[in-house]
Each structure stands twice: as structure tokens, then as C-alpha cells.
Amino acid sequence: MNAADPNEVLKDEVLKDEATLQLDAHGNLRHLLTLKGLDKSLLIDILDDAQQYLTEPGELPARGRSLVGRSVANLFFEASTRTRASFDLAGKRLGADVLNLDVNTSSRKKGESILDTIYTLEAMHVDIMVVRDASAGVPAFIARHVLPHVSVLNAGESDVSHPTQGLLDILTMRQHKGSFENLAVAIVGDIRHSRVAMSASHALSALGVGELRLISPPVLAPEPDSVPGARILDNLEQGLADADVVMALRIQRERIGNLDGIPGIDEYFANYGISYESMKFAKPDAIVMHPGPMNRGIEIEGSLADGPQSVITQQVTNGVAIRMAVLDRVGNTMAPR
Ligand code: CP
């Protein structure tokens with residue numbers, strides 16, 4: 001097996017315990033690969049750290065110096081606006097040198113393997129690799145091959161995991177609803193292909209959420225037992241009944257080989273769209289969330305996304321704070337060079 005060819009090892013990698021790999025011998029976060037297996041106290045600590053990095057609108061953004069002298073590389077092998085921009089800003093606001101590799105003009109286009117790309121960046125003293133990839137297992141694969149002082153942060157992994165998104169989502173819920181024990185959280189849309197739903201579910205489960213409901217047409221439902229503790233529903237009225245938090249997800253068409261059976265736009269919006277009409281089933285003070293990017297008029301009514309119940313732009317703001325908290329934490333865990 002060629003260790004520089006991830007395709008041969010990815011299937012094995014995803015079966016191994018990423019939750020163990022991401023902690024050092026003292027239980028500190030060395031990499032962030034998944035929220036699965038992270039305990040409640042660590043999740044709460046990260047949320048508390050992130051809260052410190054939030055300032056009021058119009059004020060200057062919070063800054064720190066914990067990454068001065070460190071270098072962060074953003075390696076996005078899939079498209080991104082929010083995650084990439086917020087990791088970029090988060091790294092700079094902590095004093096790091098931040099490199100945004102343009103994958104389309106990088107030597108990966110000439111056949112260079114992902115590990116050779118990583119080794120090249122390590123040789124330039126990059127300390128933190130922020131990785132988004134369409135294939136499952138890539139962040140863990142890289143984490144197993146980097147130097148002892150280097151950290152790997154998962155910025156979106158296939159349909160498996162998007163841990164910093166999960167963290168910013170639970171931070172946003174906590175800001176509006178306080179504790180999680182009595183919350184009913186409804187996540188609606190393409191659950192089967194959603195790394196956002198997976199990471200939110202892992203975090204909410206660890207935090208002891210009152211009830212988690214995953215609502216989708218049957219063709220987009222999660223694999224049975226893939227989300228322990230969640231109620232799987234295909235009826236929106238039942239799914240939203242008295243919910244405190246409603247999160248809409250887009251259909252991940254880029255991950256669906258065969259679109260047969262996927263409802264058309266009008267049918268989908270009528271049955272699964274989050275709208276002023278469907279929000280009548282939820283609690284009157286329910287918040288509306290969406291990880292972005294949104295497809296207005298398909299999974300969410302545009303004016304609802306801009307309305308008073310929506311916390312979607314707050315999720316984006318929280319994304320920078322969460323990524324600062326995570327970068328700061330792995331920076332503190334790193335062995336000195
Ligand atoms: N939520 C999210 O991951 O958005 P981007 O794809 O724009 O980064």
C-alpha cells in the first residue's frame with residue numbers, strides 16, 4: 001500500500017477511533033477531527049472560550065496573540081465561503097501567518113498526493129492544517145502522518161463530520177436558550193448527506209439535549225441507527241411540534257449520485273420547507289437556524305431567513321469566535337518547536 005495515496009487507506013481510517021487520535025496523553029485537544037466522543041466539559045469549555053471572543057456589533061473584533069509566530073494553512077479541497085473565511089480571520093486575529101492554498105492552481109492538479117502537499121507545507125513550518133475534503137477519512141489520515149507539533153482541524157469531511165460547525169451551532173443555541181436539557185431541536189432537510197447534522201447531533205447528545213428530531217423525506221433519511229437517540233421523522237408537522245430550535249439544511253446535490261426520488265422544488269418546499277406557515281407548529285419563540293449556504297425558496301422561505309426568529313447571521317459571527325477558540329486551544333497543546 002502506498003502511504004502517499006489516501007484512496008487505499010481511507011476506508012480503514014474512518015473505522016479507527018478518531019476521538020482518541022484527537023486528544024493528547026493529557027486529554028487536551030491536539031487535533032479537531034470529530035465531535036463524536038468529546039465529553040461535555042470539553043465542549044462547554046470551548047463554548048466559554050468562544051464567548052470571550054465575541055464583541056458587540058460596531059466594536060472592533062476581539063484579538064489575541066496566542067498564535068504569533070505560528071502558521072496556519074487553509075486547505076480547502078471543496079468549495080467554502082463561511083468556514084474558509086472564518087478560519088482565515090480567526091487565525092489572523094490570533095496573530096498567526098495564514099496561508100490560503102489555492103487548490104485549483106496548486107500542484108495537486110499535477111498529481112501531487114495530499115500527503116506530499118502536507119509534507120511540503122510542514123517543511124515551510126506550517127503548524128496547523130485546516131482541511132476540507134469530499135472524501136471521508138482525509139483529516140484523520142493527515143493527522144496520523146503529521147509531525148508531533150502539527151495539528152489538523154477538520155473543516156468539513158464528506159457527509160461525515162463538520163466539528164467547528166457543530167460547535168458554532170450549539171453556541172448559538174446556548175446563547176438563545178440557555179441549557180440543553182429541556183430543548184426540543186428539530187433538524188430538517190437532507191439528513192442523510194449532512195455532515196452538519198451529524199456533528200450537531202454528536203454535540204447535542206453529549207450535552208444531554210431534551211429531544212433531537214431529524215426530519216426529511218424518506219429518501220434523505222439517515223441510515224438506521226446512525227444517530228443514536230434521535231427521533232427520525234418524515235412528517236414536518238410532527239417534527240416541528242413545540243420545537244425550540246429549528247434548523248433547515250440544503251439538499252447536498254453534489255453528494256447524491258442519482259437524484260431519482262428526490263422531490264421537485266415545489267413539492268419539497270410544500271412538505272419540508274421551513275416557512276412562516278410551517279413555523280406555526282414550533283414554539284412561538286423558536287429560533288430558526290441554517291448552516292449556509294442557503295437555497296432560498298427550497299428548504300427555507302427567504303423572508304423567514306431574514307426575519308426576527310432567524311439567528312443565521314449570528315451563526316456566522318459565532319463561527320469566527322469558535323474557530324479562534326479551537327485554534328487557540330490546539331496552539332496551547334502543541335509541543336514547542
Ligand atoms: N456552513 C458551511 O460550512 O458553509 P461553507 O460551505 O460556506 O463553508
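We number each residue from 1, following the sequence as shown. When a ligand or atom number is given, it counts from 1 through the structure's own listing order.
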Does ligand 1 have any N/O pairs with the protein under 3.5 Å, and how far apart?
from	atom 1	to	atom 2	distance (Å)
ligand 1	1 (N)	Q165	OE1	3.0
ligand 1	1 (N)	P291	O	2.9
ligand 1	1 (N)	G292	O	3.1
ligand 1	3 (O)	T83	OG1	3.0
ligand 1	3 (O)	R132	NH2	2.9
ligand 1	3 (O)	H162	NE2	2.9
ligand 1	4 (O)	R82	NE	3.1
ligand 1	6 (O)	R132	NH1	2.9
ligand 1	7 (O)	T81	N	2.9
ligand 1	7 (O)	R82	N	2.9
ligand 1	7 (O)	R82	NE	3.1
ligand 1	7 (O)	R82	NH2	3.2
ligand 1	8 (O)	S80	OG	2.6
ligand 1	8 (O)	T83	N	2.9
ligand 1	8 (O)	T83	OG1	2.6
ligand 1	8 (O)	R132	NH2	3.3

R132 NZ/CZ over F77 ring centroid, <6.0 Å and within 45° of normal: no
Salt bridge flag under 4.0 Å for residues D285 and K177: yes
Side-chain donor-acceptor pair present, H176, Q314, cut-off under 3.5 Å: yes
I128 reachable from L23 in the ILVMFWY side-chain graph, under 4.5 Å edges: yes
Flag side-chain contact, heavy atom, 4.5 Å: V288 against L304: yes
Face-on cation placement of R323 at F87 ring, 6.0 Å and 45° thresholds: yes
